[in-house]
Peer 1: 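Please read through the structure below; I'll follow up with questions.
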Number of protein chains: 2
Amino acid sequence: MKPINIGILGLGTVGSGAVGVLRNNAAEISRRLGRDVNVLMVATRSEEKARAVCTPETKVTADPFDVIKHPEIDIVVELFGGTDIAKDLVLQAIENGKHVVTANKKLLAEYGNEIFALAEQKNVMVNFEAAVAGGIPIIKALREGLSANNIRTIAGIINGTSNFILSEMREKGSDFADVLKQAQALGYAEADPTFDIEGHDAGHKITIMSALAFGTPVNFNACYLEGISKLDSRDIKYAEELGYRVKLLGITRKSEKGIELRVHPTLIPESRLLANVNGVMNAVRVDADMVGETLYYGPGAGSLPTASAVVADIIDISRLITADSGNRVPHLAFQASEVKAQRMLDMDEIISSYYLRVEADDKPGVLGQIANLLAKENVSIEALIQKGVIDKTNAEIVILTHSTIEKQIKNAIAEIEALDSVNTPVVMIRMESLHDKRGE
Amino acid sequence: MKPINIGILGLGTVGSGAVGVLRNNAAEISRRLGRDVNVLMVATRSEEKARAVCTPETKVTADPFDVIKHPEIDIVVELFGGTDIAKDLVLQAIENGKHVVTANKKLLAEYGNEIFALAEQKNVMVNFEAAVAGGIPIIKALREGLSANNIRTIAGIINGTSNFILSEMREKGSDFADVLKQAQALGYAEADPTFDIEGHDAGHKITIMSALAFGTPVNFNACYLEGISKLDSRDIKYAEELGYRVKLLGITRKSEKGIELRVHPTLIPESRLLANVNGVMNAVRVDADMVGETLYYGPGAGSLPTASAVVADIIDISRLITADSGNRVPHLAFQASEVKAQRMLDMDEIISSYYLRVEADDKPGVLGQIANLLAKENVSIEALIQKGVIDKTNAEIVILTHSTIEKQIKNAIAEIEALDSVNTPVVMIRMESLHDKRGE
């Protein structure tokens, strides 16, 4: 068979990784695919960089529109990132009848509906394995591997920067700010780390997975985002004493009331596999009605791991170019006609259990007052621990609750904070048991 | 689109599970696939059972050849198991132009080459996600998700019965025989448990994964099998004291010298995710050159989890029936013309590290003698621990070695056993560090 011609937009970390994977493993890829993958053209502002990573046969252009217009290119690989020029390029490439591979989670979480609709109209494929959890083939698992299931819940560690910071805070007892500096020095965090540590990146990824799981349009606006920058290392320590670890999770869950879609620090029992995913690694746990619990673990970022997913998408598309388009795996896992908006729950409506830390005057009766206020809001207590006196007059109280509606815990917190004996805001961190109904 | 018609051979655990999944999730499957899946006929000796699980429209026959001959059936789902009638049925179904889905690991590990060759000749697909690790979509990950990689090593906990027994032995300090009885009472082990506890089942699965990883024919005869029935709970305890857990692993690895293919109890560091896979759960760790380490976890057996994989295969085939057959994912991941036998290493040639336990007279000089014999065979010692005197005259010595060629450790063991002061056979268990070159 004749080679597949691809054009790559951007030679940054992932772009140069993709060229590297295609060069390093050309023989292996050809043994699998039955044809060669030819990098016909790359768009980059650095001719020098292109010449360093590409073979002499690859054309280099500074104008990305040269790539998407090129008549011999079958697949456009968009690795610019962001939503400005990338959106225009992807839509134009589709208009031109090109198949698209992208690692751009922001683009798909925010404009995926428009992009997929145009792709269906033009009978082209847009693949995006690298957009979620880097090298882990989680999109394939959700769209194909678990296709016999009603998916119930997805919970994932899907931001390596945050997971590195939380792992270090736990292991060394360090404060957030110190570990962030260390992560920046190691290249695990950007100079402006907001996107990673405040949950935006994880939000984009869980938004995409939520749509795939439940057959809805992507809806990033409905995603609740709470990052890790305000976490106190004390709470990580107390959580550990109680048998929990704190992870930044992206969570989406479907219940009769609607769909939950949220990113926030979460206590999980230390015996769960997710609790043992450390450093920059990612993992996604899926709970589905027929198979039960499955989990997918691997590197969520990095040049070659992400490129591994990009190249797998190129191979998949190459195989399906000649297939009838009506029988392809649908972009959002469900037939386009079956993708329907569903009610997205407000955070006040979600059901979770909670870790609370209250600083209160060290006086008789305070514990009772707090317990009464929780009971009044129907919040049932799993554990209430007086952590001891932190200064002459203040005591710390840590509370773990059973499952409750978030509105009720918020009401209870407001009432606790209104007590004369409570002088600082109550710390609240959500908890997930991630209990497996089938396995251990 | 008109429904896909399937015929199911066998209504045992997995067969009735498959019918159940197709019935429970008919709407969800149709939303994904864009057409219905119709169970046109089932072959079972129990008409009563068929009527209990199937809809009235499903034809029931006692003769499985009725299914593979039926002109309207597109996909034959073989769930009889074993290699006698199942082999004939699968080959005949392919001859008749039917696509096949099977969960039959023994059939594929032993006769896969013949079956896949005929399938290619007849332009039909044979899918087998359920044959390895039950509900975990590991075949899809190996054939498609990691297609940009040279796979280097696969190590998996792929027999739930053995993992349950080892988990219980560790947690409760119980002996093998006692836990086996408990597993039998719970339905986790068969009345004749040989197939599971002696490594045959894991051997079939790692044989299939090895072929997929390295582009070789399946070669079950080359698989070394060592089960867990001779494990002493003492060694599990000592391993734990040293920071290791004992798991029955299927391992396949490619090096310049050839391919390793083996099943045996293995010490792994307790911090590894694989070490924390407990009970009947399965997990497969894949090390590949571009992505690094990925891991796939979930239920390896059970009616509905295994059926989840069977139905995913039915959906995949339904999508690809109209695709040109030259562009399908090849059965063994590589184009049939590229599947080539490679040198399989004898166990004497593999490289591993080792746990040894030696019972020796509690006399001065014995440790030195043992250390000298290991040094003579170029075996380098990581740790040598005198575990104390076990009776009036005997001491136990536990040794952990660095990586060495198995032939050398066997030579050293023979020489240690020949010492006057050593009166019982040396216990040897292999160790794998499963060190990730990229991640934590």
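Below, chain A is the first sequence line, B the second, and so on; all start at residue 1. Given the structure is predicted, the values throughout are model-derived calculations rather than measurements.
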Peer 1: Below 4.5 Å, heavy-atom pairs only: which of A/S30, A/P137, A/S147, A/G145 has the largest tally toward chain B?
Peer 2: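 Winner by heavy-atom pair count: A/S147.
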Peer 1: Which of the residues A/I138, A/L33, A/I136 is involved in the greatest number of heavy-atom pairs with chain B at under 4.5 angstrom?
Peer 2: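 Result: the option with the highest number of such pairs is A/L33.
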Peer 1: Restricting to non-hydrogen atoms, name the atom on B/T294 and the atom on A/G135 that form the minimum distance, rounded to 0.1 Å.
Peer 2: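 Shortest heavy-atom contact: CG2-O, 4.3 Å.
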Peer 1: Between A/N276 (side chain) and B/L273 (backbone), is there a donor-acceptor pair under 3.5 Å?
Peer 2: no
Peer 1: Could you grab the distance from atom CD of B/E144 to atom NZ of A/K140, nearest 0.5 Å is fine?
Peer 2: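 So the gap between those two atoms works out to 4.0 Å.
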Peer 1: How about A/Y297 and B/E293: do any of their side-chain heavy atoms sit closer than 4.5 Å?
Peer 2: yes
Peer 1: Checking heavy atoms, do the side chain of A/R35, its backbone, both or neither come under 4.5 Å from chain B?
Peer 2: side chain
Peer 1: Measuring only between side-chain heavy atoms, which start at C-beta, is B/L320 closer than 4.5 Å to A/L320?
Peer 2: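 The answer is yes; the side chains approach within 4.5 Å.
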Peer 1: By a 4.5 Å heavy-atom criterion (distance strictly below it), what part of A/D316 contacts chain B: side chain, backbone, both, or neither?
Peer 2: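 For A/D316, side-chain heavy atoms alone lie under 4.5 Å from chain B.
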Peer 1: If you count heavy-atom pairs under 4.5 Å with chain B, which of A/L332, A/V329, A/I321, A/L146 comes out on top?
Peer 2: A/V329
Peer 1: What are the two closest heavy atoms between A/R143 and B/R319, and how far apart are they?
Peer 2: O-NH1, 4.3 Å
Peer 1: Do the non-hydrogen side-chain atoms of A/N327 and B/M1 ever get within less than 4.5 Å of each other?
Peer 2: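 Yes, at least one pair of side-chain atoms sits under 4.5 Å.
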Peer 1: Most heavy-atom pairs under 4.5 angstrom with chain B, which of A/V339, A/V37, A/L295?
Peer 2: A/L295
Peer 1: Return the set of residues passing salt bridge (charged side-chain N to carboxylate O under 4.0 Å, His left out) with B/E28 (not counting sequence neighbours), or none when no residue passes.
Peer 2: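 B/E28: salt bridge (charged side-chain N to carboxylate O under 4.0 Å, His left out) contacts with B/R31, B/R32.
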Peer 1: Taking A/S308, A/A323, A/G298 one by one, which has the highest count of heavy-atom pairs under 4.5 Å against chain B?
Peer 2: A/S308
Peer 1: Counting heavy-atom pairs closer than 4.5 Å to chain B, which one of A/I29, A/D324, A/N24, A/N150 comes out on top?
Peer 2: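 Of the options given, most contacts go to A/N150.
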